[in-house]
Every structure is written in C-alpha cells, then in structure tokens.
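See structure below.
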Amino acid sequence: MRLNLLQVNLFVDDFPLMLRFYRDTLGLETTDVEPGPPCVPMVNWASLRTGAVTIELFDGATFWDTKLLRGANRDAVQLCFIVEDVQRERGQLQAKGVRCDPVVSEGWGAYASFRDPEGNWLQVYEVLDPGA
C-alpha cells in the first residue's frame with residue numbers, strides 16, 4: 001500500500017478564532033465541501049486548501065473530547081508551509097500580529113517557526129535552488 005497524506009484534521013477550542021487565523025491571517029482558501037451533519041461549514045467545521053493537502057478545522061466541543069486538546073499534541077506536530085521567500089512571508093505574518101521566531105538559515109534553505117492562537121507549531125520554509 002502506498003500512503004499519500006491528503007488531509008490534516010485539527011481539533012480546536014475556539015473555532016471562530018482559529019478559522020480567522022487560518023483563513024484570514026494565513027490566507028488559506030476555504031473549500032465548498034458540504035459534508036452534512038454534524039458539520040456546519042464555517043460554524044463548527046471548515047475545510048481549507050493548502051497545496052495538495054487539506055486542513056480541516058473541527059470544533060473540539062462538537063467533535064472531540066476537549067480535555068484531549070491540551071498537552072503534548074500541541075508540541076508533537078508542526079505544520080510546515082513551503083514558500084518562495086521566508087523573510088518576506090515572516091514579515092507579512094508579523095505585520096498581521098503573528099509572533100514569529102527569527103529566520104534560521106541552513107545549507108538546504110531557511111525557515112521561521114510560529115504558533116497559531118491555540119499554540120500549535122507552524123513553520124514557513126524555503127528550499128534553496130541546488131543549482132544556484
């Protein structure tokens with residue numbers, strides 16, 4: 001069996017806040033998927049397109065045990081978004097009020113990490129052109 005990651009499900013405490021962050025601050029496009037009850041698009045569930053992978057936000061109070069939203073889960077996974085220019089993207093995030101770590105340069109490229117409003121780790125990164 002060949003595995004192909006297509007979707008990340010993110011269970012959240014404050015659905016409206018997290019929807020605004022991922023849709024408005026990060027600029028992810030919402031899809032027009034209508035999965036049916038108990039999902040109510042943009043109220044307790046949202047599907048957001050980001051390249052080949054979809055991030056689905058779920059209101060934890062509706063779809064999960066909210067006690068499970070705390071703890072190691074927030075630090076064990078990092079959602080990483082590839083961008084053309086990390087410095088520029090980091091600057092745009094900071095202009096929108098997102099607190100970002102400094103850019104770290106590596107031989108392969110560069111990255112900057114930050115957290116969403118509920119403490120999940122995210123990262124923007126760029127890969128250097130090996131032929132450059």
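Hydrogens, waters and symmetry mates play no part in the numbers below; they use all other heavy atoms, side chains included.
- Hydrophobic cluster membership differs between Phe15 and Val40, with clusters built from Ile, Leu, Val, Met, Phe, Trp and Tyr side chains linked at under 4.5 angstrom.
- Leu128 and Gly107 get closest at one heavy-atom pair: CD1-O, 3.6 Å.
- Put simply, the side chain of Arg99 never gets that close to the backbone of Arg115: no donor and acceptor are under 3.5 Å apart.
- When each of Leu122, Val12, Leu17 is checked for a side-chain contact (heavy atoms from CB on, under 4.5 Å) with Tyr22, only Leu122 meets the rule.
- Nearest heavy atoms, Asp116 versus Met18: OD2-CE, 3.0 Å.
- If you take CG on Leu19 and OG1 on Thr30, they are separated by 7.5 Å, rounding to the nearest 0.5 Å.
- Closest of all the heavy-atom pairs between Thr54 and Ser47 is CG2-OG, 3.2 Å.
- For the atom pair OH of Tyr111 and CD1 of Ile82, the computed distance is 15.0 Å after rounding to the nearest 0.5 Å.
- Within the 3.5 Å criterion, the main-chain N or O of Trp45 finds no donor-acceptor partner in the side chain of Glu56.
- The line from CZ of Phe58 to SG of Cys39 is 5.5 Å long, rounded to the nearest 0.5 Å.
- When all heavy atoms are compared, the tightest approach of Arg90 to Val103 is CD-CG2, 3.5 Å.
- Residues Phe63 and Val33 are members of one and the same hydrophobic cluster, defined by side-chain heavy-atom contacts under 4.5 angstrom among Ile, Leu, Val, Met, Phe, Trp and Tyr.
- One distance of note links CG of Asp13 with CH2 of Trp64; it measures 13.0 Å at 0.5 Å rounding.
- Both Val104 and Trp108 belong to a single network of hydrophobic side chains, linked directly or stepwise wherever heavy atoms of I, L, V, M, F, W or Y lie under 4.5 Å apart.
- In this structure, the side chain of Glu126 engages the main chain of Val86 through a donor-acceptor pair within 3.5 Å.
- Linking ILVMFWY side-chain heavy atoms closer than 4.5 Å, directly or via other members, places Val8 and Val124 in a single hydrophobic cluster.
- In the hydrophobic clustering (ILVMFWY side chains linked at under 4.5 Å, chained through shared members), Trp121 stands by itself.
- Remark: Thr25 OG1 to Leu93 CG distance equals 8.5 Å, nearest 0.5 Å.
- Counting non-hydrogen atoms of neighbouring residues, nucleotides and ligands closer than 6.0 angstrom, the CD atom of Glu84 reaches no more than 12 such neighbours.
- In this structure, CZ in Phe21 is found 11.5 Å from CG in Leu48, a value given to the nearest 0.5 Å.
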